[in-house]
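Please read the structure below before turning to the comments.
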Amino acid sequence: MLDARKSQVVTAGDARAVVCDRPSVAGSVTQRACTFCGARVVLYPISDALHLVHGPSGCAAFTWDIRGSLSSGPQLHRLSFNTDIRENEVIFGGEKKLLRALRELVAEHKPKAAFVYATCLTGVIGDDVEAVCRTATTELGIPVIPVQSEGFRGTKKQGYSAACTALGQLIGTGSTEGIGRLSVNILGDFNIAGEIWTIKGYLERMGIEVVATMTGDGRVDAIRRAHGATLNVVQCAGSMTGLAKMMQEKYGIPYIQVSFFGLEDCADALYQIAGHFADKDVMARTRQVVREETATVLPELARLRQDLNGKVAALYVGGAFKAFSLVKALRQLGMRVAMAGTQTGAQADYEHLKDLCDSGTILADDTNPLELAGWLSSCEVDLFIGGVKERPVAYKLGIGFCDHNHERKIGLAGFSGMTSFAREVHATVMSPVWKLVPRRASARSFELRALSSEPAGDGRSLVLRPLSVEPERGVP
Amino acid sequence: MLDQTTATITERTALKINPAKTCQPVGAMYAALGVHGCLPHSHGSQGCCAYHRSQLTRHFKEPIMASTSSFTEGSSVFGGMANLQQAISTIFEMYDPEIIAVHTTCLSETIGDDIPTIIGKCQIEGKVPEGKVIVHCNTPSYVGSHVTGFSNMVKGFVKYLATSTGRRSEAVNIIPGWVEPSDMAEIKRYAEAFRLAAIMLPDTSSVLDAPTTGEHSFYPKGGTTVAQIRAMGDARHTLALGAWASSAGAELLEKQCQVPHEVLDLPIGLAATDRFVSALAKLTGTAVPQAIEDERGRLVDVISDMHQYLGGKTVAIWGDPDQVIALTEFCRDMDMKPVHVLTGGHGQAFEARIKEILADSVPDANIKQQGDLFLMHQWIKNRPVDLMIGTTYGKFISRAEDIPLVRYGWPILDRVGHSYFASVGYTGGLRLATQIITAIQERQDRDAPDHAFELVL
């Protein structure tokens, strides 16, 4: 490990604090992404808005329908709109092209609002995206909102903040008529695999109105009236706390930070919401929801736990709140967490994580595949939880994997989500396919390996024979 | 989701909807992964590298290793020199590659970072360990497409490494184009069958189709070695497969090391493989090996056995220029009608070539370079087809219009197999033909009314 990285890794029980919140060392194979990526994933699920990427085709192509954020209605967000900046605009500026694109698109698709994402390229050529958006708003009659998401501004974290600023421009522009006192907004759930529908179901049963969901299954009109809600419930703290703070200052709406992942956290979240309204009927209904839901899922969890008890897990996720919930949820399944890391955690988050984890657990900020592969092997983990770039590393090592990021296909939030999570973990950890992988295989395959002429393992140690070249002809 | 697409085609001047291409750097990354012990390095913001790694991972289901200069606001103002210097030190200390292949991004291009100067400075300051190599190429995202990036990276390797010692070897260089690891392995098998001493650059076989061993190997065993790339300068000939992806590298080899070159189509389908095989026969002065003749015979056999299912079937094809050209010719030769043919890539030559291929069979085909999938969908709405051949992104159109899709090209994000089973050569053509026939027959079965639903097809 690089000296520069050593301060970013500690073990629970260690007095040393994790150094975090700093840029990745240049040259790292970092798993982090950029500001544009952060802004794009946060705003993307608003399904009746036009999302126009002002930049080269790559930024648009790589964010075309990559997040499984479901919409119950419009699907406009799933199209990829791009100004496709070319050499000509790099020299002469892209503002005119942007305005033309907005005119063409708004006429064709009649969206409720438009978000225009600035990228590295349009940032560095100095396009005034804000000015174009102002002109377009006046001319086209819908809010055209600039998103200051130039990639070089930092990691996804800065992108979350750019997205919150953009959302702030919509909030407060709609009528709050008809919104009751028992009302909330949900912030920081992106309706991956329909998760927000699960949460909304609980809140409805508790008698609580959901005004706006930001941004899963989001709608422009609902967001415009979000300032009429009594409480903001923030699920993904990393991405949305900034917006909650802004709404507290501007509209006096208090917020609570919760997590709907895992039984313990989900129940706690619902009680916190109910507690806020100090309404005994709401509280009674909440108790009933929690009672009913936990009664439904506990028997299966107990059954799955029998197999999973004592198994070892590692996790590397985007934000710290997810890490907290996962540590607790894994514990509920009888599993031990040997390594936990985040891309964007803050120092206080890591302190909390230290308290939460067993002594000796490795905690890492902004890690890379080399470190990860090392820990996965040395800790002999049975399960790794991460995102798309981590999955094949785990599989190559013969370790079970669970996607807790954009590409998960099964809702993991809520009480029912905990069962889905447990089933998924069980299916991968207990899968017989890992017995086929040499490192974890039975004695039989070791015999096979001994018989084979090719050295197994580290490809670097192989002497490479240039495949099609015959050495006697004088070619190396 | 595609209910937004209207049949009325209006001229769009300022935007792309649902792109049929992406930007240069990801192509440079793919090419660099085909060099042994190479760490591709993205000189720009972190997001570029993260996106490219993710997308390549989704396509290959393999770990993709690449580093980034992690640009900040400061680097975008003052330039990325410090980042690249730091990166070079970090990479050699931590990841110990044989070679670093730097590619730029739109950001570092626009700022104007002078990469050769920075690399030179690192060499003078001793930041490059003995025997290790750094190469680079310029890949501005606002020019060309991912295929241009692939081509530029190949050129970069040639430029830095290929040297002519003055002694010609028996070797023949093959630049395989942007094809799958399986295709690269197949192209090597052809060369071996002709007993041709071939050096192939790049070669992602045994890199992006690496077997599971229980270890995570940062640098899998495959890939063209640095020594092989150096030796390319002494080769007697270069075969560049696919004009868009491979001709620039071959031209540079000729200019730099006087290695004569010829550009062929990607050997996809019968006729293009025939031309590739003839070139190998000519270069080796030998007859076509019987085994290869037999493979050809099998492909012809299946095409003729099934010709009544293929004849007159209309097809929409999109993807990268080199692939689409070869596929269009193959479909035409099987008596299919490619009525919509589109690439997101660039060049009037693409349209001219497709026109020539379809001149007799489909003179009224829609043909477009720099197109997008929104336009393709509009074409299909106006003239429906029996089959679509293209990337995963076509699945939306396939569903909206209820047309079967044979997945082909890059990227394929929702199926496996492409990286393991070749589609070049005669046997590859056989695989493609069976995929096409299966798609058509499955549709026939699905749509057949009970009385016409038959056991035997």
Side-chain angles (χ1 to χ4, degrees), chain A residues 2 23-30 32-34 36-37 56-58 60-62 75 78-87 90 97 100-101 104 109 120-121 124 151-153 373 388-389 392-393 396-398 437-439 456-460 462 464 466-470 473-476, chain B residues 1 4 12-19 21-23 36 45-47 50-51 53-55 57 61-63 65 67 69-73 76 83 86-87 90-91 93-94 106-107 110-111 141-143 169-171 188 191-192 197-199 212-217 219-221 225 227-228 231:
Chain A
L2 276 185
S24 305
V25 184
S28 290
V29 181
T30 174
R32 280 177 172 171
C34 65
F36 168 74
C37 181
S57 62
F62 295 122
Q75 304 284 335
R78 301 185 66 186
L79 272 72
S80 167
F81 300 112
N82 177 215
T83 49
D84 191 19
I85 293 299
R86 316 296 303 170
E87 215 160 5
V90 172
K97 193 175 193 182
R100 270 207 322 275
E104 288 176 18
H109 296 281
C120 287
L121 182 57
V124 83
F152 53 73
R153 285 178 186 261
V388 54
K389 295 191 291 294
V393 175
K396 277 277 183 275
L397 295 167
V437 176
R439 190 178 67 89
D458 181 10
R460 296 290 309 274
L462 291 175
L464 280 150
L467 269 162
S468 317
V469 179
E470 293 169 25
R473 295 196 187 184
V475 179
Chain B
M1 68 161 276
Q4 330 269 352
R12 280 181 278 125
T13 59
L15 77 152
K16 288 274 187 291
I17 308 177
N18 301 345
K21 62 146 185 173
T22 178
C23 60
H36 180 69
S45 297
Q46 279 170 187
Y51 280 136
R53 289 176 59 212
S54 294
Q55 193 78 338
T57 295
K61 315 288 179 214
E62 288 290 309
M65 295 305 138
S67 54
S69 285
S70 296
F71 267 45
T72 58
E73 200 133 24
S76 77
N83 294 59
Q86 168 70 52
T90 305
I91 291 166
E93 185 181 343
M94 200 156 160
C106 48
L107 179 56
T110 312
I111 297 167
S141 316
Y142 44 80
V143 176
S169 74
E170 280 301 303
K188 285 193 297 194
E192 276 165 10
I199 304 176
T212 283
T213 60
E215 313 280 336
H216 171 232
S217 175
Y219 307 104
K221 66 181 177 182
T225 63
Q228 284 178 304

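Numbers restart at 1 for each chain; the letters A, B, ... are given by sequence-line order, proteins then strands. Small disclaimer: the values here were computed from a predicted structure and weren't measured.
Note: B:I17 CD1 to A:H109 NE2 = 4.5 Å, rounded to the nearest 0.5 Å. B:S141 OG to A:R86 CZ: the interatomic distance, rounded to the nearest 0.5 Å, is 9.5 Å. How far OG of A:S24 is from CD of B:Q46: 4.0 Å, rounded to the nearest 0.5 Å. Put simply, CD1 on B:I111 and CZ on A:F152 are 8.0 Å apart, with the number rounded to the nearest 0.5 Å. Note that CZ of A:R153 and OG of B:S76 are 9.0 Å apart. Values are rounded to the nearest 0.5 Å. In this structure, CZ on B:R12 lies 13.0 Å from CZ on A:R100, to the nearest 0.5 angstrom.
Heavy atoms closer than 4.5 Å to chain B are found in both the backbone and the side chain of A:V393. B:T212 touches chain A through backbone and side chain together, each having a heavy atom under 4.5 Å away. Heavy atoms closer than 4.5 Å to chain A are found in both the backbone and the side chain of B:K21. The parts of B:T22 that come within reach of chain A are both its backbone and its side chain, each placing non-hydrogen atoms under 4.5 angstrom from that chain. Residue A:E87 touches chain B through both its backbone and its side chain, counting heavy-atom pairs closer than 4.5 Å. Interface residue B:Q55: only side-chain heavy atoms are found under 4.5 Å from chain A.
Minimum heavy-atom separation, B:A14 to A:K97: CB-O, 3.3 Å. Nearest approach of B:T57 to A:V388, heavy atoms of both residues: CG2-O, 3.5 Å.
In terms of non-hydrogen atom pairs under 4.5 Å with chain B, the most contact-rich of A:N82, A:T30, A:V25, A:T83 is A:N82. Heavy-atom pairs under 4.5 Å with chain B peak, among A:A60, A:G398, A:A101, at A:A101. Considering only heavy-atom pairs separated by less than 4.5 Å from chain B, the leading option among A:G58, A:C34, A:S80 is A:S80.
Looking at A:K396 and B:P63, their side chains come closer than 4.5 Å, going by heavy atoms from C-beta outward. Side-chain contact between B:K61 and A:P392 is absent, with no heavy-atom pair separated by less than 4.5 Å.
Between A:F36 and B:Y51, the ring planes lie perpendicular to each other; the angle is over 60°, past the 30° to 60° tilted range.
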